[in-house]
Amino acid sequence: MNQIPDRFDHATAAGQITEAWEKARCGHAEVNPDRKPFTIVIPPPNVTGALHLGHGLNNTLQDIVIRTRRMQGYEALWMPGTDHAGIATQAVVERRLKEQENLSRHDIGREGLVERIWQWKDQYEKRILGQLKRMGCSCDWERTRFTLDERCATAVRATFFDLFSKKLIYRGKRLVNWDTFLQTAVSNDEVENVTKKGHFWHLYYPVIAAKPGEPDRVEIATTRPETMLGDTAVAVHPDPAAALDKIEAELRQKRAEASEKDQADIDSELEKLAQRRESMLPQLLQLRDMALDGRKLMLPLVNREIPLIADEWAKPEFGSGCVKITPAHDPNDYEVALRAQLSMINILQPDGTLNREGGQYEGMTIPAARKAIVADLDKIGLLGDVEDRDIELPHSDRSKTPIEPYLANQWFVAMDELAQSAMDAVSSDKVEIFPERYRKGYLDWLGEKRDWPVSRQLWWGHRIPIWSQTGLGESDSQEIVQQLESLTDGNGGLSHRVDSTEDGTHHVFVCLRDEDDPREAKLEAIGFTRDPDVLDTWFSSALWPHSTLGWPNQTKELEYFYPTSALITSRDIITLWVARMVLMGLNNVGDIPFRQVFIHPKILDGNGETMSKSKGNGVDPIDVIDKFGPDALRFGLARLATDTQDVRMPVQYECPHCEKLIDQTKKNRALPRIDCPGCGKAFSTQWAETEADKSLLRGLVVSERFETARNFVNKLWNAARFSLMNMDGYQPQSVDVSSLPLEDRWLLSRLATVTKQVTEGVEHYRYAEVTRVLYDFAWDEFCSFYVEIAKPRLADEQQRPIVQSMMAHGLDTLLRLLHPTMPFVTEAIWEGLAGAAPKRGVPEPVAAADFAMIAPWPESNQSDYNESIEQQFAEFQEVVGAIRKIRASQNIPPRETVPVAIRCNPEAQSRLQPMKAYFAGLAGADVIELGPDAKAFETDAPLALTSIEMDVHVDLEKFIDVDAELSRLEKLLSQLIKQITGKQQKLGNDNFVSRAPAEVVDRERESLGDLQRQHESVQGDIERLRSKSKES
RNA sequence: GGGCGAUUAGCUCAGUUGGUUAGAGCGCCACGUUGACAUCGUGGAGGUCACAGAUUCGAAUUCUGUAUCGCCCA
């Protein structure tokens, strides 16, 4: 047995274990009427790139639950897969195309680009699934899905068709962040604001039919003068006086609380405000009245009449107090237009040049048009001042070009009823959300019931299955509808709607349910064209829990595994994903997608920032696995997963040459190569792109946070090693629990308690608690205590067999409890234990399962639980601790045995009597006196254990270091005095004595008495020692 | 601007319903290796529980406000 190495070689073992599990199909789940199902669908990671520690946490927590449930006898299915992630993936591939081949997506065309993205997807899907497997995730890999695969496509088409047929899908306009370079809309989080130097142009718009005394023109100011071509109103504040009052009040409030230095600044602001009130307010009031009276303005250059309106968006404290409204090209103006029901005029083409609405400027780029318009306004005397100014301009994160807000046709899903159904599911607790506080965000967001824009101007995704003809006259549209009837004839799967617009034209939209429907060609033959857009990536994600199980087919898997049991995810996608899964599940299947949702914390870096690829602070879990092992990664993450606190994880680069750890900082975190400050050699990072950098050795990115867990793996491994080395001659045997010695019954009791805590903990997602309980039990109780006590017993031929049975059983139970968190090391030990003790268990040994992974979950045997034994051992450990303290303070060499006397009441005496022998191994003590009459030694070192009413005395005859002992006792004395004074004060307080519960008061009195008794005794000891030291 | 959360030892975090001296791991100090484990063992030092009020006999814990940080939404 000595050939067992003293380290767990995870690098070798993990691969073999994974292979063995796969071969035995341990992670595979099948419809099985004999068992209850337990299902988790993975939040499918984006195929944009590799997984980082956040995914590591998410998947560890899922695996802990699914492994536990599998062991509990459920048919446990963890459905794996990946997400095509629309824009994120397309943008990554497009960027590479540009960088590496200098091609745009238009150069290679739709099919060409999509093919490239599939190649990318194949590469990253493989990498992601490989990462999950190395973490030990026990997914049912045979069922792996992708949100863009055929099965998901079928589900998407069926859903879209259903919603379209129910008239829940409609076409509308919406402002999007338009990237004129990539010619696509980008999402809000792909937009970054850049401060640039620009101008603030003041323009004048003439008033039509101004009444006497009214101004004949209004002044507005803008940073984007070319957008005036799309203006449909000018706004002035409806109550400028009140608005100014409010600002003034706020300033005064601020001033009252500000420092003197800031007060001066605020004073000057107040001054300006007062001037403004004087110079401009009358005019603003007049303009407001003109607006209410329906006055119109003439938009210069295009000569279009536009209304003057009153709207709060106009800020009386800024510029001229009037603001031009360009609804199609400014988000705030868009809101104004919705309120005032203004028309919206889009002046841009997708490539950023002006369209027909631009009139004489049609075809110009934005900068050219700006120049021309400013010059032309100047010519006709309508240009005022031009100020220099810093301007915050939104830029596309992907192309680094300015974003143009752009009003485009989009498909929407009407959310009213769908959202309500998803709200009801949570309000009624059919879907439970943990921690509960996240319910509010979910309900608030859904409560807005904002329609969901689902179209994206991209090529990577599920293409919208709509064919359309637009701008038709009424008779044409009627004729087309008739043609459609003949196509519909007898076949389902075709639905249409006709929209009529303000200008009297008609649009006909047709939706086809099935792919490869021969009617596609027929539609196109009669003039229909297919919508070029694809669906929002969340549309397919929303179907994930049922599409992966085969919906819309009524498969037996859907019947059995749906609704799924738990969803474990991160808080930032509660609305985008979780809410939409609920409403889509209810709409499609008629039932909720999952019963419970657990929201776990986020992993932040050392600066408290979330980890993300774009920041460069992501950590590859594989790096951590390489250094610490998969079990350490998992245990380390799980023990940090509390439900209140995000996880802060400072990380370091490890120099591959000298192993020096270099803190990751904001500066170095995105570098492709780093020069080691220790050895001076360079190494590469995950950002290495050039061949020169890539040829360097790569530095791992790791965190010392995983050391504790790695050490724990080692501790467990060595406890097992000790057990196995002492298993020679093991024979399975029935055990009569009632006749077992105390320490064995204590172990059984503790196992029962720990099993209960762990089981309940996992069932309530209390990961940090579960890992803490297991860590403390395994380390402090099983290893430091049971194993230590077992050592002398194993040497005793009589006791040896029972200790072997108990140890095999204890280890076996511990392995099973730890398996979901640390699958590899427990599986490896399980195999070793199978060799030494294939049949094991207390009271009746049974043959162990082939794998820990499929072993039955331990039952908490309540008859094993024995409170008094657990207390007794706590008492014993306290005495051991007291002896150790005295030994340490006296510098008694560890090999020396010291005589000890323990004074205690008769009850404690009978409890400790059977354990006298174990003081030797644990504290190097020979207990020569135990009981009420035990006396102090001549050369005595005492320590009182108040809480258990005991005095421990160590005989220092051979070891006395008077000075050391005196200083220990004096320190003790001063601590006692402090406590006594505190208690006396408390008990001297009438309020306390009269109002606190009698029980609390009694406890205080009792404890004061004990402290005083100790005080006296310690004082006596000090005096004795002093006189003794004088004698010698 | 609205909502949510956090603030406890040098660092990263626990702290159940208010009640003895507020805990753990890492780090630090001292001592210790002839067989499970130095990825170890034993002991020690280290905290005005962010700040200010309030409730209470008693507050890390409950309430109010302030500050700082983070996240989500506008």
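From a predicted model like this one, the values you see are computed outputs, not experimental measurements. In what follows, chains carry the letters A, B, and so on, assigned in the order in which the sequence lines appear, proteins first and then strands, with residues in each chain numbered from 1.
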Worksheet, complete the sentence: Assert: residue with more 5' nearest nucleotide on RNA chain B, out of K986(A) and R450(A), is K986(A)

Worksheet, complete the sentence: Result for 5'-nearest mapping on RNA chain B, choosing between N989(A) and G441(A), is G441(A)

Practice prompt. Mind checking side chain to side chain contact (heavy atoms under 4.5 Å, CB included) for A808(A) and listing every partner two or more places apart, or none if nothing turns up?
Written response: M727(A), Y730(A), A837(A), R840(A)

Worksheet item: U20(B) base to R1003(A) side chain: any donor-acceptor pair below 3.5 Å?
Response: no

Worksheet item: What's the CG-C1' distance between N711(A) and U39(B), to the nearest Å?
Response: 4 Å

Discussion item. Between C1' on G35(B) and CZ on R895(A), what's the gap in Å once rounded to a whole number?
Written reply: 11 Å

Worksheet item: What is the distance from CD of Q985(A) to P of G19(B), rounded to the nearest Å?
Response: 21 Å

Item to complete: Report yes if a side-chain nitrogen or oxygen of R884(A) is closer than 4.0 Å to either non-bridging phosphate oxygen (OP1 or OP2) of G41(B); otherwise report no.
Response: no

Practice prompt. Please check the phosphate of A36(B) (OP1 and OP2 only) for any side-chain N or O of K791(A) closer than 4.0 Å.
Written response: yes

Discussion item. Is K715(A) close enough to G41(B) that one of its side-chain N or O atoms is under 4.0 Å from OP1 or OP2 there?
Written reply: yes

Worksheet item: Given the rule that a pair is Watson-Crick or G-U wobble with both distances under 3.5 Å, how would you write RNA chain B in dot-bracket, using | for pairs to a different strand?
Response: (((((((..((((.....[...)))).(((((.......))))).....(((((..]....)))))))))))).

Worksheet, complete the sentence: With B for base contact, S for sugar-phosphate-only contact and - for none (protein heavy atoms under 4.0 Å), nucleotides 4-14 of chain B reads SSS-----SSS

Discussion item. Would the base of A74(B) count as contacting E448(A) through its side chain, where contact means a donor and an acceptor less than 3.5 Å apart?
Written reply: no

Discussion item. Tell me if the centroids of the rings in Y775(A) and F712(A) come within less than 6.0 Å of each other.
Written reply: yes

Worksheet item: Taking OP1 and OP2 of A45(B), is either one under 4.0 Å from a side-chain nitrogen or oxygen of K971(A)?
Response: yes

Discussion item. Any side-chain N or O of W779(A) below 4.0 angstrom from OP1/OP2 of G41(B)?
Written reply: yes

